[in-house]
Amino acid sequence: MAFQFPFLATLANLPRPGRPDRVEVAIERLLDRAESHGEECLAAIRAMLAHPQGSALIAAIFGNSPFLTEAILAEPAFWVTVATNGPDATFAEVINPINDELAAAQQSPDLMRSLRIAKRRAALTIAVADIAGVWSLMRVTGALSEFADRCLSVAAGHALAIKRQQKGEAMSADLVADSRRGLIILGMGKLGARELNYSSDVDLILLYDPDRVSSGVAALRDTLRETYVRFAQDLARLIHERTGDGYVFRVDLRLRPDPASTPAALSVLAAETYYETVGQNWERAAMIKARLVAGDAEAAALFQRNLRPFVWRRHLDFAAIADIHSIKRQINAHKGGTEAVPGRDLKLGRGGIREIEFFVQTQQLIWGGRDPSLRLRPTLEVLSALVAAGRVQPSSAEALAAAYVRLRTWEHRVQMVEDQQTHKLPTDPEAFAAIAAFSGYADAESFTAAVLETLEQVRCHYGDLFEESPPLSGPGDLVFTGVEDDPATLQTLTGMGFSDAAGISETVRGWHHGRIRATRSARARELLTELMPGLLNALAQTPDPMAAFRRFDRFLTNLPAGVQILSLFQQNPGVLDLVAEIMGSAPGLAEHLARHPRLLDGLIHDAQRISADQPIATEAELAEDLAAEFAQSNSFEEVLDGVRRWTGDRRFQIGVALLRGEITPEAAARGLSAVADTVIGALLPQVHREFAQTHGQVPGGEFAVLALGKLGARELTASSDLDLVFIYRVPDGVDQSDGGKPLPPSLYFQRLGQRLIGALTVLTAEGELYQVDMRLRPTGNKGPVACSLESFTSYHADEAWTWEHMALIRARTVAGDPALCADVRAVREAVLTRPRDRAVILADVADMRARIAKERPGQGAFDVKDRPGGLVDVEFIAQGLILSTAAPGAASLPPDLGHTLTGLHWLASVGVLTPDAADRLIRAGRLWQRLQVMLRLAGTGKFDPATAPEGVRRALVRAAGVLDFSILEQEMSEAATEVRALFQALIVPAAPATDPSATGDA
């Protein structure tokens, strides 16, 4: 039996097998399969193997593509048809039966099987035409697209008509065709442009026009929305579900408007409204390629006509053009490059297919509104049109077109190997050499040279696109267009220090989709595109970039509108950097700014300039300001909300000034302390008035608030608790209050104290105010919340431990009745100036410090409080020496003795410390306090200089007043060594320790 293979006779320059060892095994399997199909099939296969071009074609397929090998082995008889009739005739035989008759004649499982068999045959036929070089690239991609159109049309008609059939109507080709009325299935991307690649998804947008929907579909029990959403699910199942026969195409519906928030199928009105209100420039670019692939042609034409003003703008304003430019500039378009070719992404990598497509689409977006000749879909056709319109040089277009053909052809070869949706060249040397052979190259080296030359051509032309525009990208790609994560962008974000790159990508896409109020205008989204690289880079410099991003998201979400603030960021990059620093370096400030975005105005328009050593306002000004806030309150609940809002604003103002370097850490500590003083002083009368409504007043009774710890010393930080003691005094003979529910004085003032604690600590809608620590009161947590002046006096005279007297050094009255406050101060001075055994005091101090070191050892060099030679050592030196020095007749104690540095100055003035020792301790204490203020503001927890972001390192360097971080670390080491040596020299344990209850909180 003689067989003629006219198609095979035309073949030349077939690729060699990249894996020759696979050919012989596959041929043996083919002969076995052919034999099972009959003598004629076996004879045809043998004749083909004897044919020079036939054997070369079989070797090219079996030695390069396991997927195509299995396709041939599945149907040897069909393979004979391909080799005999050639791709053109065979493809027509495959595609012609895919029509409405097929949709009507079969049940869903049978239709799915028919489509999958047709897909296998079409894939093999098209691959042969491609490998043999008898079809151009556009013919190959056009055939793939035409096959997808047919399959989608048949599956769509079947999926809708089958529902009507369930209502009793007989399935027919007419019924299938009618069911598609009002349905619009748009092919997007490569399908829309008829450029489908070998293993591509089909990107679809499913719409329906209620005014045109088939009466049979409209009569279904479900609402139209439910009907078409279920239809979308059924269509996807028919096409992409993998069965024993494989699949047809993977279906992707994510190019529809805001896919995270919308159903799989939309009404045309919903889609038009979306594009008119929040449609983005990348969606305009996507819509350029939109094409009806199945459904109602008239409805689709009307929809696309209505969408024309969105896609094709006759007049682009500067902002829109800048947004288009910025999309490109988020992708690093570097000329040149030394990346390895193995592993290179032919689509998304530098010089890849995406850059050619973007080159074309951006030109269309800018010029297509005024020049209809540019409103084309296929990339190569648009390049020619751009040349004809004078928008692109012929040489550039020719180079890009040639590169496009080569890149797409190589992409197909990679995908043909295993029918995988990949665009990357293999990294394995053997697999890479096999792809080189499959692509027609003599060896891996010549293929590598061709790839590099092609990518470089694209890079050069792409890099010239808008090259006058300043770059937006930071250390890599930052692309948030489209509906899926850009791999290079995820890699960039991870490299910048963000722990959840995919989460950031999703959130930013949500911003661009207008899901928050701030980005619902086109102008806001255009500004956002410009700002993203700078914003992310600024957030990456913070201690916890991911936490900073989440706080910025909350801030942006709470904005009522975005254009004004985003414009502000664009015009004042320093403000954006500051906000980023706040979000990452000062969690408390960030939360307050997120809750109250109005504060941002104060960052720019604050007329009051702040000196380096002046807190935001004087105490008198603060008191007047808070009184005005309270004057607007109509209830005690509003007072509590108002004081939290006011305090948060003042803390924010101080914290920002500190971050900016406008005030020193010492000034910030004094300012924060003054705010706390003002709050306690203003809240006490409010609380007392509220309390008195039920319990009245204690006739002649007095109440005072004594601050200790950091508040008492005016050294408050952003995260400090308030160490408080409540003291009261009642005239003799008064045994109860005069209210409707009278209380004995001791219980009255205890409950009043508890009410004040509640007012300071309760969580309201405006957040938290302060945490209060009462452990420094007489007898600690075991004692009453408020104590009488008499018990306070007697306790410190007879029972208090040394550490409690050390704490009393930092005590300061901050609110209450003036006469009682004066008497409390007198008691404090009397306690501090009574005679003491110096040796015992210093032994107690040394013992306390040793136990603190054991229970709470320093956690590294930047644990500035507890490290050996750190702040605790400085404070203990000052407090131990003050307590063992102050005595009746000694020099008058300064009012701010509790401030550590003031205490050291006083010790030097009375001759207890030498000038040199005092100077060393003061310098070290100032350094530790400054660093502590900054670290508490940053809320970093344990600070690790090796992993700390540069922004925090710079803040610490600025706070310390040194030139760079290495000098800071050196000064810290020297200061700790000097302080520890002075502690050993000055705090001499002259007697056994007597203070076993010390906690180290002093």
Do [X] and [Y] make a side-chain contact, defined as non-hydrogen atoms from C-beta onward lying under 4.5 Å apart?
| X | Y | answer |
| --- | --- | --- |
| E418 | P66 | yes |
| L183 | Y228 | yes |
| L68 | F62 | no |
| V80 | I45 | yes |
| I205 | M287 | yes |

Taking atom types as modelled and ignoring hydrogens, do the side chains of [X] and [Y] form a donor-acceptor contact shorter than 3.5 angstrom?
| X | Y | answer |
| --- | --- | --- |
| Q415 | T422 | no |
| R406 | Q457 | yes |
| D419 | S199 | yes |
| Q106 | S114 | yes |

Short N-O contact, [X] and [Y], less than 4.0 angstrom:
| X | Y | value |
| --- | --- | --- |
| E355 | R459 | no |
| D203 | K289 | no |
| K347 | E411 | no |
| R180 | D296 | no |
| R250 | D201 | yes |
| R181 | D178 | yes |
| E93 | R121 | no |

Exam field: side chain [X] to backbone [Y], donor-acceptor pair closer than 3.5 Å:
| X | Y | answer |
| --- | --- | --- |
| R19 | G63 | no |
| S439 | A436 | no |
| S65 | M416 | yes |
| R16 | A442 | yes |
| R377 | A193 | no |
| S153 | R150 | no |
| T141 | L137 | yes |
| T409 | V405 | yes |
| R139 | S136 | no |
| R375 | G368 | yes |

**OP:** Any chance you could lay out the side-chain contact (heavy atoms from CB on, under 4.5 Å) test for F432 and L425, step after step, and finish with the verdict?
**Re:** CA-CA 7 Å; F432 182 81; L425 295 171; 4.1 Å; yes

Original post:
Should the pair Y441 and F447 be assigned to parallel (<30°), tilted (30 to 60°) or perpendicular (>60°) ring geometry?
Top reply: tilted

**OP:** Evaluate the ring planes of Y198 and F67, with Trp represented by its six-membered ring, and classify them as parallel (under 30°), tilted (30 to 60°) or perpendicular (over 60°).
**Re:** perpendicular

[atom2] on [Y] to [atom1] on [X], rounded to 0.5 Å:
| X | Y | atom1 | atom2 | result |
| --- | --- | --- | --- | --- |
| F249 | L144 | CZ | CG | 6.5 Å |
| I353 | T379 | CD1 | OG1 | 9.5 Å |
| M112 | Y247 | CE | OH | 14.0 Å |
| E430 | I435 | CD | CD1 | 12.0 Å |

Between [X] and [Y], what is the shortest heavy-atom contact and its length?
| X | Y | answer |
| --- | --- | --- |
| V392 | A397 | CG1-N, 3.9 Å |
| A232 | L253 | CB-CD1, 4.4 Å |
| L383 | A401 | CD1-N, 3.8 Å |
| L455 | G351 | CD2-O, 3.2 Å |
| A156 | I185 | CB-CD1, 3.7 Å |
| L376 | I288 | O-CG2, 3.6 Å |

Original post:
Between V128 and W79, does a side-chain contact (heavy atoms from CB on, under 4.5 Å) hold up when you go through it step by step?
Top reply: CA-CA 10 Å; V128 168; W79 171 238; 3.6 Å; yes

Subject >> Residue pairs, two or more places apart or on separate chains, that pass side chain to side chain donor-acceptor pair (under 3.5 Å) and touch residues 21-34 >> reply: R29-E70

Original post:
Does anything in residues 227-242 pair up under salt bridge (Lys or Arg N to Asp or Glu O under 4.0 Å), and if so which pairs, sequence neighbours excluded?
Top reply: K163-D234, D222-R230

**OP:** Count the heavy atoms of every other residue, nucleotide or ligand shown that sit under 6.0 Å from CG of D428, and state whether that count exceeds 12.
**Re:** yes

Original post:
Is the count of non-hydrogen atoms from other residues, nucleotides or ligands lying under 6.0 Å from R113 atom CZ greater than 12?
Top reply: no

**OP:** List the steps, then state whether side-chain contact (heavy atoms from CB on, under 4.5 Å) holds for H412 with N197.
**Re:** CA-CA 7 Å; H412 285 179; N197 65 35; 3.6 Å; yes

Subject >> Residues N64, V417; criterion side-chain contact (heavy atoms from CB on, under 4.5 Å); working and verdict >> reply: CA-CA 6 Å; N64 288 306; V417 174; 6.0 Å; no

Original post:
Quick one: which of V82, I58, L124 gives a side chain to side chain contact (heavy atoms under 4.5 Å, CB included) with I72?
Top reply: L124

**OP:** Run through L207, L255, L191, V293 and flag the one making a side chain to side chain contact (heavy atoms under 4.5 Å, CB included) with L186.
**Re:** L207

Subject >> is_close_aromatic(F147, F91), centroid dist under 6.0 Å >> reply: no

**OP:** Decide side chain to side chain donor-acceptor pair (under 3.5 Å) for D345 and H423; before the verdict, give the C-alpha distance in whole Å, the side-chain angles of both, and the deciding distance to 0.1 Å.
**Re:** CA-CA 5 Å; D345 193 317; H423 313 280; 5.4 Å; no

**OP:** Begin with the C-alpha distance, continue with both residues' side-chain angles, and end with the deciding distance and a verdict on salt bridge (Lys or Arg N to Asp or Glu O under 4.0 Å) for E298 and R212.
**Re:** CA-CA 10 Å; E298 189 175 340; R212 295 181 56 84; 3.4 Å; yes

**OP:** Please test E195 against S145 for side chain to side chain donor-acceptor pair (under 3.5 Å), starting from the C-alpha separation and ending with a verdict.
**Re:** CA-CA 7 Å; E195 297 173 336; S145 303; over 6 Å; no

